[in-house]
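Only one structure is covered here, and it is reproduced in the block below.
Atoms considered below: every heavy atom in the structure, side chains included; atoms not considered: hydrogens, waters and symmetry mates.
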Amino acid sequence: MANTKASPKRKGSKKARRRRRRILLVIEILVLLILLAVLFVVSKLDKIQQDKEFKGEDTQKNELTDEVQETLDGYTNIALFGLDSRESGNLDKGSHSDTIMVASINNKTKEVKLVSVYRDTYLNQADGKDSYHKANQAYFTGGPKQAVDMLNLNLDLKIEDYVTIDWAALVAVIDDLGGIDIDIQEDEIIHLNNYTVSVSEETGVKTNKVTQPGLQTLDGVQATSYARIRYTAGDDFKRTERQRLVLTLVAEKAKKASIGTLSKIVDHVFPMIKTSLTYSEIIAMAGDITAYSVGETGGFPSDHSTGSVGKMSVVFANGLVENDKTLHEFLFDGENYTPSKEVQNINDYLIKKTGKTPTQSSGQSEAGAEE
């Protein structure tokens, strides 16, 4: 009887050991795959132009209330700059930031909201001289540091990192992804095709003309040219909407791309990127890539008008404080925003200088009106 009872115990013990070995093997394989993925990313990172002189803790910091500060701590805000540099790879000062965006990442949900800051917006330049100019002048004068300071100063944000690319990078990404699908309108065709001439010359990439409206797959040159259109109804405001659409479509397609495709993109694009993000931060963000989702997008200032300062055509914020309030409510899920004294001072100056106060009719009704 004793032998009869002992036998099943030994069999059961062997099955348990085999099961544990299988589980251990699976875990070891997963760990190995993760290590290989990390090594793959690390092997590519040295292609990026890392800005080791940029220190996030040294960026402009307004005197925010404890409530606003606590809210901002729950988000990672990164400035995105797209340069109009005609010299590929030159991502320092001396080039205007044709595109200025703020990517706000909810640290808990991983939802990303994008807001375009209209490049012609008349704002304080954060240059230590209390001077005012178009928003894109800050990058031209002082590079990414001054551009980030300009955003923090005028918008009451806490941006401590940035990513800068040139248009050639966008062309390469879209081509490597096999293009993106966009519904082209009749009035966009002529301007899109006009822009393809200069984009092709600047990047050395050939393309074909778009001949008809409708949903169609655009290659890198075509999609980048589409993002640069500013001569239809909506002018530069519509252009920033197109830019956000292109970035959203690229992000969605990249999430579904194969390792081989992503490797090709990295090889092509990393040399055309400059960022203050450290390698460890990039690896950590890459590890969460499937968790990120692009939510609503919008433009700043939401309540705006156009005019001129001297001979310079600009976009005016109709009340900087009110526009900042709308921005914070949009980015930070209804945060009860109290403007800093720095923003109050800028607001007072702009009203005295331009006479522009909050309205109910100019521009968008809210920052998140575009999707």
Side-chain angles (χ1 to χ4, degrees), residues 80 82-84 97-101 103 112-121 136 165-203 205-256 293-306 313 315 330 361-371:
L80 308 177
L83 302 190
D84 65 352
S97 45
D98 200 42
T99 299
I100 306 172
M101 290 190 192
V112 182
K113 291 184 179 179
L114 294 175
V115 170
S116 298
V117 176
Y118 304 128
R119 65 177 191 171
D120 291 338
T121 307
N136 68 345
I165 66 171
D166 63 21
W167 285 115
L170 186 59
V171 171
V173 170
I174 295 171
D175 280 342
D176 288 340
L177 288 172
I180 55 176
D181 296 334
I182 296 180
D183 188 4
I184 301 299
Q185 305 303 305
E186 182 72 46
D187 63 343
E188 295 173 328
I189 295 177
I190 185 172
H191 303 298
L192 189 159
N193 288 330
N194 286 340
Y195 273 115
T196 59
V197 176
S198 59
V199 174
S200 290
E201 290 177 352
E202 293 161 17
T203 61
V205 179
K206 296 182 179 180
T207 190
N208 298 312
K209 289 187 175 182
V210 172
T211 59
Q212 60 186 14
L215 184 65
Q216 53 198 292
T217 302
L218 302 186
D219 62 27
V221 170
Q222 293 167 337
T224 300
S225 299
Y226 168 82
R228 300 181 77 169
I229 297 173
R230 64 179 300 185
Y231 298 110
T232 60
D235 303 316
D236 198 44
F237 310 112
K238 182 64 177 179
R239 176 169 71 163
T240 63
E241 184 181 338
R242 294 187 184 98
Q243 292 170 351
R244 294 192 298 275
L245 173 63
V246 169
L247 288 186
T248 299
L249 293 174
V250 168
E252 290 175 352
K253 197 161 187 179
K255 287 175 65 174
K256 303 174 184 177
S293 62
V294 179
E296 293 179 285
T297 68
F300 180 91
S302 56
D303 182 2
H304 56 256
S305 55
T306 58
S313 298
V315 172
F330 169 62
S361 58
S362 297
Q364 301 167 225
S365 60
E366 57 182 31
E370 301 164 4
E371 296 190 24

Side chains of Asp98 and Leu83 in contact at under 4.5 Å (non-hydrogen atoms): no
Phe237 vs Tyr118, ring pair (Phe, Tyr, Trp, His ring centres under 6.0 Å): CA-CA, chis, key distance, verdict: CA-CA 7 Å; Phe237 310 112; Tyr118 304 128; 4.7 Å; yes
Derivation of the side chain to side chain contact (heavy atoms under 4.5 Å, CB included) call for His191 and Arg230: CA-CA 8 Å; His191 303 298; Arg230 64 179 300 185; over 6 Å; no
Side-chain heavy atoms of Leu218 within contact of Ile174, under 4.5 Å: no
Non-hydrogen side-chain atoms of Ile189 and Pro213 separated by less than 4.5 Å: yes
Check: Val210 main-chain N/O paired with Asn193 side-chain donor or acceptor under 3.5 Å: yes
Derivation of the side chain to side chain contact (heavy atoms under 4.5 Å, CB included) call for Leu80 and Leu114: CA-CA 10 Å; Leu80 308 177; Leu114 294 175; 4.2 Å; yes
Whether over 12 other heavy atoms sit under 6.0 Å from Lys255 NZ: yes
Smallest separation among heavy atoms of Thr203 and Val199, with atom names: OG1-O, 2.7 Å
Side chain to side chain, Val315 and Pro301, heavy atoms closer than 4.5 Å: yes
Minimum heavy-atom distance between Ala254 and Leu177, given as atom pair plus value: CA-CD2, 3.9 Å
Value rounded to 0.5 Å, distance of CZ in Arg119 from OG in Ser97: 9.0 Å
Short side-chain donor-acceptor distance under 3.5 Å, Thr232 and Arg242: yes
Ala223 versus Val246, closest heavy-atom pair with distance: O-CG2, 4.0 Å
Euclidean distance, Asp176 CG relative to Lys253 NZ, rounded to 0.5 Å: 11.0 Å
From CA spacing to verdict: side chain to side chain contact (heavy atoms under 4.5 Å, CB included), Met101, Val117: CA-CA 6 Å; Met101 290 190 192; Val117 176; over 6 Å; no
Contact check, side chains of Thr217 and Ile182, non-hydrogen atoms, under 4.5 Å: no
Criterion side chain to side chain contact (heavy atoms under 4.5 Å, CB included) on Asn194 and Tyr231, from CA distance to verdict: CA-CA 11 Å; Asn194 286 340; Tyr231 298 110; over 6 Å; no
Leu247 CG to Leu170 CG distance, which is reported to the nearest 0.5 Å: 6.5 Å
Validation row: Val205, Asp175 side chains within 4.5 angstrom (heavy atoms): yes
Atom pair CD/CD1 of Glu241 and Ile229 - distance to nearest 0.5 Å: 12.0 Å
CZ-OG1 distance between Phe330 and Thr297, expressed to the nearest 0.5 angstrom: 6.5 Å
Residue pair Val115 / Gly299: nearest heavy atoms and the distance that separates them: CG1-C, 4.1 Å
pair Tyr195-Leu192: side-chain heavy atoms closer than 4.5 Å: no
Gap between atom OG1 of Thr196 and atom CZ of Arg228 - 0.5 Å precision: 11.0 Å
4.5 Å side-chain heavy-atom contact, Gln222 and Lys209: no
Steps toward salt bridge (charged side-chain N to carboxylate O under 4.0 Å, His left out) verdict (Arg239, Glu188): CA-CA 11 Å; Arg239 176 169 71 163; Glu188 295 173 328; over 6 Å; no
